[in-house]
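Convention: sequence-line order gives letters A, B, ...; per-chain numbering from 1.
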Number of protein chains: 2
Amino acid sequence: MSDRARHIPEATVARLPVYLRSLAELVDDKIATVSSERLAEMAGVNAAKVRKDLSYLGSYGTRGVGYDVEYLLFQMSRELGLTHDWPVAIVGAGNLGSALANYGGFTQRGFPVVAMFDADRAKVGRRVHGVLVHHTDDIVELAAELGIGIGVIATPASAAQDVADKLVAAGVGSVLNFAPTVITVPEGVSLRKVDLALELQILSFYQEHREPAG
Amino acid sequence: MSDRARHIPEATVARLPVYLRSLAELVDDKIATVSSERLAEMAGVNAAKVRKDLSYLGSYGTRGVGYDVEYLLFQMSRELGLTHDWPVAIVGAGNLGSALANYGGFTQRGFPVVAMFDADRAKVGRRVHGVLVHHTDDIVELAAELGIGIGVIATPASAAQDVADKLVAAGVGSVLNFAPTVITVPEGVSLRKVDLALELQILSFYQEHREPAG
DNA sequence: GTGACCATGTGAACGGGCGCACTAGCGTCT
DNA sequence: AGACGCTAGTGCGCCCGTTCACATGGTCAC
């Protein structure tokens with residue numbers, strides 16, 4: 001692995017948080033070292049994949065022994081950027097947006113919700129779980145001022161692209177989209193989506209094409 | 001494409017609902033035909049990919065013209081198993097479970113919530129958005145009786161695997177897991193996950209490794 | 001009816017990720 | 001001290017998915 005500037009595959013990045021969670025469990029159970037095989041079992045993947053994934057982070061294991069749980073946990077947290085907070089803004093103060101803001105585990109895990117935005121002026125000025133709701137017109141100015149790194153879109157589909165554009169204009173580098181629509185962001189901006197209807201429809205497909213026999 | 005029994009790649013299946021949504025938009029806009037290029041733009045993918053994906057469904061396009069929007073919409077709905085309802089059970093009547101049950105667009109889109117389950121006996125017997133809450137001990141019996149096809153897990157992580165096992169024992173063929181933990185199901189059962197914390201941590205990684213220059 | 005045009009459908013090249021299977025190296029027991 | 005056992009790290013072949021580019025076959029104008 002090259003000293004720095006190594007490129008970690010997307011598929012690996014997506015698995016790192018799963019390993020992280022497994023490691024946290026091991027710490028809770030006071031287990032000091034773990035093998036790739038055990039970690040693979042916990043994360044629901046192949047042991048070779050675990051080793052390859054972890055090798056992207058560096059050589060943090062000990063042959064014949066395994067990985068030191070706490071040390072690996074620390075290194076992975078560092079790599080994932082979880083050693084410091086990432087202020088988050090939620091756009092859309094409807095059912096979903098409010099639920100997200102009320103979800104405590106959010107702030108707790110290093111993603112403090114520092115601002116909310118809504119297009120409805122009736123909601124502007126209210127507080128949701130202590131977080132003030134601003135108008136969406138002020139996204140560009142305020143998000144930049146507050147140093148928002150991650151924006152969460154919890155608006156109706158029709159507003160999502162406009163909101164995304166505003167977030168990007170404010171310098172937000174990562175967008176998590178809950179709106180049931182495809183949005184695009186410029187290169188260099190990260191985009192992930194959470195889409196309930198989509199997941200259900202995918203399951204519907206497999207349910208429909210289920211083998212009749214057992 | 002072989003007459004029947006063709007195997008549609010997972011990656012394609014995951015995109016079909018996105019196309020479906022785009023087609024629904026086109027119908028709303030009274031647009032009768034659409035090219036792969038336009039559809040690709042709407043779905044945020046490559047045009048060649050659209051054509052290959054759609055070709056798995058059959059030859060529903062017309063060379064020189066494009067695809068008939070309504071016809072393609074119908075064929076895709078059929079393929080996705082959306083021409084009939086899929087009764088859904090939600091396990092976990094806490095914040096998330098209740099929010100999901102209250103989310104109307106659920107039933108509206110062909111996934112009626114017909115039962116809820118919770119381990120807390122204090123919640124058993126209550127109704128959430130009109131849906132009766134049963135005890136998790138009764139999952140196996142009741143889910144089978146009600147013909148539940150899709151189970152949604154909205155419990156704490158610690159209960160998720162046990163609930164999944166019960167759902168599978170009840171003959172549920174598809175599981176959508178919201179609990180922040182890895183669960184496993186037997187071969188032949190479909191499993192998808194929605195994990196907020198995981199998505200945020202993935203974004204955190206890219207945010208941390210962002211190029212300083214623009 | 002014929003030719004120009006246009007978009008689908010697909011063969012083939014390409015690339016990334018997965019997993020096997022081997023090698024390297026550490027700890028432990030005799 | 002030496003041999004053995006165990007597990008990390010990794011080279012390599014394979015497979016799935018993506019993309020390009022072309023051939024296929026319709027439509028429309030004249």
Side-chain angles (χ1 to χ4, degrees), chain A residues 1-3 6-16 18-19 22-23 26 31-73 75-76 79 182 202 205-206, chain B residues 1-3 6-19 22-23 26 31-73 75-76 79 182 187 202 205-206:
Chain A
M1 236 15 61
S2 71
D3 211 6
R6 77 234 142 189
H7 179 254
I8 301 185
E10 267 193 56
T12 294
V13 172
R15 280 189 296 270
L16 293 183
V18 180
Y19 300 142
S22 303
L23 290 171
L26 291 168
I31 294 172
T33 63
V34 64
S35 67
S36 61
E37 194 147 357
R38 175 107 178 73
L39 200 49
E41 191 196 326
M42 295 181 76
V45 300
N46 181 293
K49 206 188 285 186
V50 169
R51 291 197 294 275
K52 191 158 286 186
D53 284 345
L54 296 186
S55 77
Y56 287 113
L57 304 180
S59 281
Y60 296 142
T62 305
R63 291 165 194 241
V65 178
Y67 300 91
D68 181 285
V69 173
E70 291 211 26
Y71 184 60
L72 185 56
L73 182 67
Q75 291 296 345
M76 198 175 288
E79 193 73 21
V182 172
I202 293 170
F205 173 89
Y206 288 111
Chain B
M1 240 9 66
S2 72
D3 212 4
R6 76 234 143 187
H7 181 252
I8 303 186
E10 267 194 58
T12 294
V13 172
R15 280 188 296 270
L16 292 183
V18 180
Y19 300 142
S22 303
L23 290 171
L26 291 168
I31 295 172
T33 62
V34 64
S35 66
S36 62
E37 195 148 357
R38 174 107 178 73
L39 200 50
E41 191 196 326
M42 295 181 76
V45 299
N46 181 293
K49 205 187 284 187
V50 170
R51 291 198 294 275
K52 187 151 283 188
D53 283 345
L54 296 186
S55 76
Y56 286 113
L57 304 181
S59 281
Y60 296 141
T62 307
R63 291 164 194 243
V65 178
Y67 301 89
D68 182 282
V69 173
E70 292 210 28
Y71 185 59
L72 185 56
L73 183 66
Q75 291 296 345
M76 199 175 289
E79 193 72 22
V182 173
E187 190 152 1
I202 294 170
F205 172 89
Y206 289 111

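Side-chain atoms of R38(B) and Y67(B), non-hydrogen and from C-beta on, never get closer than 4.5 Å to each other. Contact check for V13(A) versus Y56(A): no side-chain heavy atoms found under the 4.5 Å cut-off. Looking at heavy atoms from C-beta onward, L72(A) lies out of side-chain contact with D68(A) at the 4.5 angstrom threshold. Residues T33(B) and T62(B) form no side-chain contact, since every pair of their non-hydrogen atoms from C-beta on lies 4.5 Å or further apart.
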Quick tally for nucleotides 23-30 of chain C: nucleotides whose base has a protein heavy atom under 4.0 Å get B, sugar-phosphate-only ones S, the rest -, giving -BBBS---
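Summarising the geometry, atom CD belonging to E41(A) is positioned 12.5 Å from atom CG belonging to N46(A); distances are rounded to the nearest 0.5 Å.
In this structure, V34(A) reaches the sugar-phosphate backbone alone: every heavy-atom distance under 4.0 Å involves primed, P, OP1 or OP2 atoms, never a base.
Listed by chain and residue number, nothing satisfies the side-chain hydrogen bond (donor to acceptor under 3.5 Å, both in side chains) test with S35(A) (two or more places apart in sequence, or in another chain). V69(A) pairs by the side chain to side chain contact (heavy atoms under 4.5 Å, CB included) definition with L23(A), L26(A), V27(A), V34(A), not counting sequence neighbours. Under the side-chain hydrogen bond (donor to acceptor under 3.5 Å, both in side chains) criterion, Q75(A) pairs with Y60(A), Y71(A), R78(A), sequence neighbours left out. Every residue meeting the ring-ring contact (aromatic ring centres under 6.0 Å, His included) condition with F205(A), not counting sequence neighbours, appears here in chain and number order: H209(A). Every residue was checked against the salt bridge (Lys or Arg N to Asp or Glu O under 4.0 Å) condition with R51(A), not counting sequence neighbours, and none meets it. Residues satisfying the side chain to side chain contact (heavy atoms under 4.5 Å, CB included) criterion with V18(B), sequence neighbours excluded, are V182(A), L198(A), A43(B).
Sorted by first and then second residue, the pairs that involve residues 52-65 of chain A and meet salt bridge (charged side-chain N to carboxylate O under 4.0 Å, His left out), not counting sequence neighbours, are R15(A)-D53(A).
Residues from residues 36-46 of chain A placing a heavy atom under 4.0 Å of any atom in DNA chain D, listed by number, are S36(A).
Over its full length, the helix from dG1(C)-dC30(D) to dT30(C)-dA1(D) turns its helical axis through 10°, comparing axes from the five pairs at each end and rounding to 10°.
Distance R51(B) CZ to dG25(D) C1': 14 Å, rounded to the nearest Å. One can place CG of L54(A) at 12 Å from P of dT10(D), the figure rounded to the nearest angstrom. When rounded to the nearest whole Å, the span between CG of D53(A) and P of dT7(D) equals 19 Å. Rounded to an integer number of Å, the gap from D68(B) CG to dT8(C) C1' is 15 Å.
Residues E10(B) and Y206(A) come closest through the heavy atom pair CG-OH, 3.1 Å.
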Enumerate the protein-to-nucleotides 12-17 of chain C contacts in which both atoms are nitrogen or oxygen and the separation is below 3.5 Å.
| unit_1 | atom_1 | unit_2 | atom_2 | d |
| --- | --- | --- | --- | --- |
| dA12(C) | N6 | K52(B) | NZ | 3.0 |

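For dG9(D), the OP1/OP2 oxygens have a side-chain nitrogen or oxygen of Y67(A) closer than 4.0 Å.
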